[in-house]
Amino acid sequence: MTSTAPLLLRLQEAETSAGRAAGYCWLAHPDGGRFCSLPPGHDGDHVDVFRGRASPTAATGTRWREDVRR
Ligand SMILES: [Zn+2]
């Protein structure tokens, strides 16, 4: 098993995740360990606002771009 799941698999996992049930996009970061915490169906980059912040006061954390338009 690789550490990076294909985008389609990560999308399927997001749709059935607890994070999605809580109201987040929840797409997993390609490198794992981060989950998009924007609303489902948002525009633009995916952002994990809780993890990967440069400092405790930074507004957002890890940001990445993947096309998930359907
Ligand atoms: Zn997202």
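Note that ligands are numbered from 1 as they come in the structure, with each ligand's atoms numbered from 1 the same way.
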Please name the atom of H42, limited to N, O or S, that comes nearest to the Zn ion (ligand 1).
NE2
N, O or S atom within H46 nearest to the Zn ion (ligand 1), by name:
ND1
Donor-acceptor pair, [X] side chain versus [Y] backbone, under 3.5 Å?
{"X": "D45", "Y": "R65", "value": "no"}
{"X": "S37", "Y": "V49", "value": "yes"}
{"X": "R20", "Y": "C25", "value": "yes"}
{"X": "R10", "Y": "L27", "value": "no"}

Please state the angle at the Zn ion (ligand 1) spanned by SG of C36 and SG of C25: what is it, rounded to 10 degrees?
110°
